[in-house]
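Data block below; observations after.
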There are 2 protein chains.
Amino acid sequence: MTESAGSGRDAEAVSRFVESFAAQLVEAGMPRMPARVFAALLSSDEGARTSAELGEQLRISPAAVSGAVRYLAQTHMVSREREPGSRRERYRVHGDQWYEALTNRETVLKRWEGALREGVTSLGADTPAGRRMAETLAFFEFVEVEIVQMMERWRVHREKTFGPE
Amino acid sequence: MTESAGSGRDAEAVSRFVESFAAQLVEAGMPRMPARVFAALLSSDEGARTSAELGEQLRISPAAVSGAVRYLAQTHMVSREREPGSRRERYRVHGDQWYEALTNRETVLKRWEGALREGVTSLGADTPAGRRMAETLAFFEFVEVEIVQMMERWRVHREKTFGPE
DNA sequence: CGCTTTCTTCAGAAACTTGTGAAGTTAAGG
DNA sequence: CCTTAACTTCACAAGTTTCTGAAGAAAGCG
């Protein structure tokens with residue numbers, strides 16, 4: 001077993017998980033570095049790491065960490081916190097927050113809806129193509145509402161299963 | 001108004017829609033050519049085009065059409081049909097089929113679940129990190145079931161609104 | 001059975017993306 | 001107020017991806 005001194009964790013097993021989960025995220029369209037950083041945060045016991053720790057664990061430059069974190073913060077997958085009285089920053093994956101973000105493809109949905117609405121208008125609502133797009137649009141609007149309701153059900157389910165936060 | 005002779009459609013308006021919708025798809029992670037081809041199919045009155053038509057409309061080579069269509073077929077976004085007695089192929093976006101495909105991130109979900117399950121095992125279900133991942137895993141399992149139910153509700157809703165297929 | 005049309009495969013050029021080192025900025029601590 | 005630690009920005013090199021033209025394979029048609 002590969003125990004790094006004093007860590008109490010199998011560093012190699014952690015690394016294997018980080019890389020394999022990151023690979024899945026990449027496949028789903030996330031850029032490589034953000035995916036790796038995110039997986040590293042997810043697998044940390046505190047759910048948080050400093051920039052230096054991430055750089056060391058993943059063998060990447062501070063610049064790469066910086067870029068990855070910017071991406072993750074923008075997409076609300078992680079939050080940044082300054083430890084008071086230090087200039088060290090600490091990046092955290094906040095249980096709830098991030099799958100909210102995942103499902104908040106809302107922004108994406110909204111934009112698709114915008115594009116489709118334009119399409120219906122410019123092709124004409126009375127044309128076959130226009131009708132097809134109107135139906136597609138209706139689907140997205142439907143999904144948008146459904147997702148909100150689903151997340152509410154999840155919160156209830158989660159509290160029952162894992163207890164209150 | 002830019003009417004191309006005999007088409008009965010404003011070619012420029014169609015092109016604007018195609019490019020702007022494709023851009024949204026690209027932003028969401030779809031490769032460029034598949035996105036453009038898909039948007040072109042969506043905006044056609046028949047919901048179907050031949051390879052040559054697509055090449056001409058989008059100003060791309062037959063090779064590019066071929067590649068894009070392969071991608072779209074693999075991801076079940078379009079189906080290919082041979083017109084009988086011809087070697088011309090025709091690519092079609094089948095109303096239902098494609099948003100089923102969209103929500104059939106199922107494959108993706110399954111793989112994420114696999115990676116997470118491994119993570120829980122290798123980090124230990126009794127560690128804080130293990131617990132966090134177990135909860136994440138539970139979330140994905142929850143979503144998977146919910147999506148199936150949602151699609152059933154959509155089919156009902158759709159039939160009410162747009163009538164039977 | 002060979003010609004022709006249509007699609008596919010492939011190698012390579014062009015364009016874009018990504019991660020790095022190095023310089024720059026910000027803010028704590030003396 | 002100067003030093004120094006921590007993060008960010010930037011230009012560029014390396015590595016990918018993407019599209020094309022050209023050659024190749026499949027299949028109708030005469």
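In the text below, chain A, chain B and the rest are named by the order of the sequence lines, each starting its count at 1.
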Atom pairs, protein N/O to nucleotides 28-30 of chain D N/O, distance under 3.5 Å:
| residue | atom | partner | partner atom | Å |
| --- | --- | --- | --- | --- |
| D:dC29 | OP1 | B:G85 | O | 2.9 |

Residues passing the side chain to side chain contact (heavy atoms under 4.5 Å, CB included) test with B:Q24, sequence neighbours excluded, are A:R111, A:W112, A:A115

Which word best sums up how the rings of A:W154 and B:F142 line up, parallel for under 30°, tilted for 30 to 60°, or perpendicular for over 60°? tilted

Rounded to whole Å, the CE-C1' distance (B:M30 to D:dT17) equals 17 Å

Here the distance between atom C1' of C:dC7 and atom CD of B:E53, to the nearest Å, is 15 Å

Of C:dG19, D:dT9, D:dT20, the nucleotide closest to the side chain of A:M33 is C:dG19

*asked:* Keeping A:T75 on the side-chain end and A:Y71 on the backbone end, is there a donor-acceptor pair under 3.5 Å?
replied: yes

Next item on the list: Begin with the C-alpha distance, continue with both residues' side-chain angles, and end with the deciding distance and a verdict on side-chain contact (heavy atoms from CB on, under 4.5 Å) for A:R92 and A:E81.
Entry: CA-CA 8 Å; A:R92 157 158 280 124; A:E81 29 186 84; 2.7 Å; yes

It should be established whether B:R80 places a side-chain nitrogen or oxygen under 4.0 Å from OP1 or OP2 of nucleotide C:dT8.
yes

Closer than 4.0 angstrom, basic N to acidic O: yes or no for A:E46 and A:R90? no

D:dC19, OP1 or OP2 - any side-chain N/O from B:R59 closer than 4.0 Å?
no

Indicate, with a heavy-atom threshold strictly under 4.0 Å, whether A:S51 touches base, sugar-phosphate, or nothing.
sugar-phosphate

When rounded to whole Å, the CD to P distance for the pair B:E83 and C:dT5 reads 16 Å

Here the distance between atom P of D:dT8 and atom OH of A:Y71, to the nearest Å, is 17 Å

To the nearest angstrom, the CZ-C1' distance between B:R70 and D:dT18 comes to 13 Å

Looking only at D:dA6, D:dA27, C:dT6, the nucleotide nearest the B:R82 side chain is D:dA27

Here the distance between atom P of D:dA6 and atom CZ of A:R88, to the nearest Å, is 5 Å

Of C:dT18, C:dA22, D:dA22, the nucleotide closest to the side chain of A:A63 is C:dA22

**No-hydrogen, no-angle side-chain donor-acceptor test under 3.5 Å, B:Y91 and B:E53** = no

Heavy atoms of B:D45 and A:R132 approach each other most closely as O-NH2, 3.1 Å

> When we call it a touch if two heavy atoms are under 4.0 Å apart, what does A:R90 touch: a base, just sugar-phosphate, or nothing?
Replying inline: nothing

Rounded to whole Å, CG of B:L72 lies from C1' of C:dC7 at a distance of 16 Å

Taking for A:P62 and for B:P62 the nucleotide of DNA chain C with the nearest heavy atom, the one nearer the 5' end belongs to B:P62

Rounded to whole Å, the CD-C1' distance (A:E89 to C:dA27) equals 12 Å

